[in-house]
Number of protein chains: 2
Amino acid sequence: MSTRNPFEARDVTSRRGGPVKKPLSRDAIVTVALDLLTREGLEGMSLRKVAAALETGPASLYAYVDDLRELQTLVFDRALADVTIPREPLRDWRSRLASLLESYITILARSSGLAQLAMNTIAAGPNALRIIEALLCLLDEAGVDQSTAAWAADLLSLYATAIAAEQSHRKENGDPLGPLVRMLGSVSQPEFPRIHASREQLVSGQGLERFDWAIEVLLKGVLQTPRQSHDGSVSPVEKGSHRRARHA
Amino acid sequence: MSTRNPFEARDVTSRRGGPVKKPLSRDAIVTVALDLLTREGLEGMSLRKVAAALETGPASLYAYVDDLRELQTLVFDRALADVTIPREPLRDWRSRLASLLESYITILARSSGLAQLAMNTIAAGPNALRIIEALLCLLDEAGVDQSTAAWAADLLSLYATAIAAEQSHRKENGDPLGPLVRMLGSVSQPEFPRIHASREQLVSGQGLERFDWAIEVLLKGVLQTPRQSHDGSVSPVEKGSHRRARHA
DNA sequence: ATTCGACACGAACGGCGTTTGTCAGGAGAC
DNA sequence: GTCTCCTGACAAACGCCGTTCGTGTCGAAT
């Protein structure tokens, strides 16, 4: 596998063409693949199926992507293009941050295929960067120092991805709660007393309710937990230099 | 696929046996599969490979597991058997909780195969329940009400799983930081100024450092964010009843 | 002794990702 | 204009996968 940056578009000029079939392009491949992923899940996005949808053979795709993994990465970033970055200047950062994460989760939870892909793919494309940049801006606006914000952005996106996967998994099963509820329902009280007592709460809070609580938790925690300096203490001088850097 | 509880051991008496081959058993299958997963990743745990390691054919495994998915679920829970639940009564809950999560992350991050499996599998087996029960106990000891603890346990385990996956992914690549660093290193400053400024911090803090900070964040947040009751307020009466239930 | 149920497992089916090799078309050089 | 080279297009093939089907064997029950 090459070390070429997969997000730089190769200038490939399609040699195929004619009155009947459209020329292939990476854009078309990613578009079709995302559609298949959304409708049929990760297994529905095989190279064969993508190629068939484009009326060609799977080997043709290798002129545009190195392998399936690269296609998956491109598809994931393409999906993130739909995430809305809130930009109203009069709106408080907290609300905008919650909206950003909510949009992210909504996009990912749209289909279990996408959520599953997100759980296994490093988000490093232009759209992912757009989102991280927005997170960092919002955290800065919240008064979080740059160093802490870096880790907080990671924490928030990790959690958002995990929540999206959880929601999409529940959405996928006709029985929305599925095997987990069956397991919790059959838990023996002497063996697992607290689980037994909490079994309804463990699966409660679908959609926004649990998300809202969790964002509260994460933001409260982040705002009160600046990253420690190397000697383990948070010094007022460090805070001061943070403020100066901001106006540079 | 049946609705049988996969964690209840089927009483299967092996009909195969003899001086040369050991009788198959579910335990042996799961053990071999976990070993293969650890050494060769998720793709290394195919039914064919597991069967070959047991000197049989893949079809033989269907007497013991319904399908590959069930085997994966069993393997995941088996791996969680190694998670250490801290039980020293004189040790404070915070320290024990951090140790529990650290043990969980260590086990999962042991191999990228296991971490990947954890990202795609609902933890609902006996060992997973053991961990959730311990989390709930510790949160109770921290003074967190039952309702909030239910969600907090979920939040903590989601995050721990995601961190483990992140760590295992980095561990797997010889270049421990890999494509993400390359991407961050080539980010353009005018387009993504905050990412550019934070690019080193975004990937800093391997191992315990970032984990310790994140646990601080999550615990601070949880302790200050009880779940709202249905009418949106937290009432002292509700806290009272929580305390009474505790001594019941 | 006979029958039944279930483990054991090879063969086969349909599917996958990827590589190899051939063809055809376009660009560039002469 | 002709020739050569490069590259997109893509069929065929390879090796691998999960699962089903069918057959054989053995032990328990009658």
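Labels below follow one simple rule: chain letters A, B, ... track the order of the sequence lines, proteins then strands, and each chain is numbered from 1.
- Separation of atoms CD (Q72(B)) and CG (L42(B)) is listed at 5.5 Å; rounding is to 0.5 Å.
- dC9(C) atom C1' lies 12 Å from atom OH of Y64(B), rounded to whole Å.
- Atom CG in L54(A) sits roughly 10 Å away from atom P in dC10(D) (whole-Å rounding).
- Atom pair L61(A):CG and dG17(C):P shows a separation of 10 Å (rounding to whole Å applied).
- Not one N or O on the side chain of W213(B) forms a donor-acceptor pair closer than 3.5 Å with the backbone of A152(A).
- Although no hydrogens or angles enter the test, the distance criterion places no donor-acceptor pair under 3.5 Å between the side chain of T121(A) and the main chain of A118(A).
- dA6(C) atom C1' lies 13 Å from atom CG of L24(B), rounded to whole Å.
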Interface polar pairs with nucleotides 14-18 of chain D, N/O, under 3.5 angstrom:
from: dC17(D); atom 1: OP1; to: S46(B); atom 2: OG; distance (Å): 3.0
from: dG18(D); atom 1: OP1; to: L47(B); atom 2: N; distance (Å): 3.3
from: dG18(D); atom 1: OP2; to: L47(B); atom 2: N; distance (Å): 3.1
from: dG18(D); atom 1: N7; to: R48(B); atom 2: NH1; distance (Å): 2.2
from: dG18(D); atom 1: O6; to: R48(B); atom 2: NH1; distance (Å): 3.4
from: dG18(D); atom 1: O6; to: R48(B); atom 2: NH2; distance (Å): 2.9

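- Rounded to whole Å, atom C1' of dG15(C) lies 15 Å from atom CG of L36(A).
- With rounding to whole Å, L71(B) atom CG is found 14 Å from dT19(D) atom C1'.
- For D35(A), the salt bridge (Lys or Arg N to Asp or Glu O under 4.0 Å) test picks out R39(A), with sequence neighbours left out.
- Nearest nucleotide to the A59(B) side chain, out of dA11(D), dG8(D), dG10(C): dG10(C).
- The main-chain N or O of W151(B) is never found under 3.5 Å from a side-chain atom of Q201(A) such that the two would form a donor-acceptor pair.
- Distance CD (E40(A)) to C1' (dC16(C)): 15 Å, rounded to an integer number of Å.
- For R130(A), there are no salt bridge (Lys or Arg N to Asp or Glu O under 4.0 Å) partners, not counting sequence neighbours.
- Between the CD atom of Q72(A) and the C1' atom of dC16(C) there is a distance of 12 Å, given to the nearest Å.
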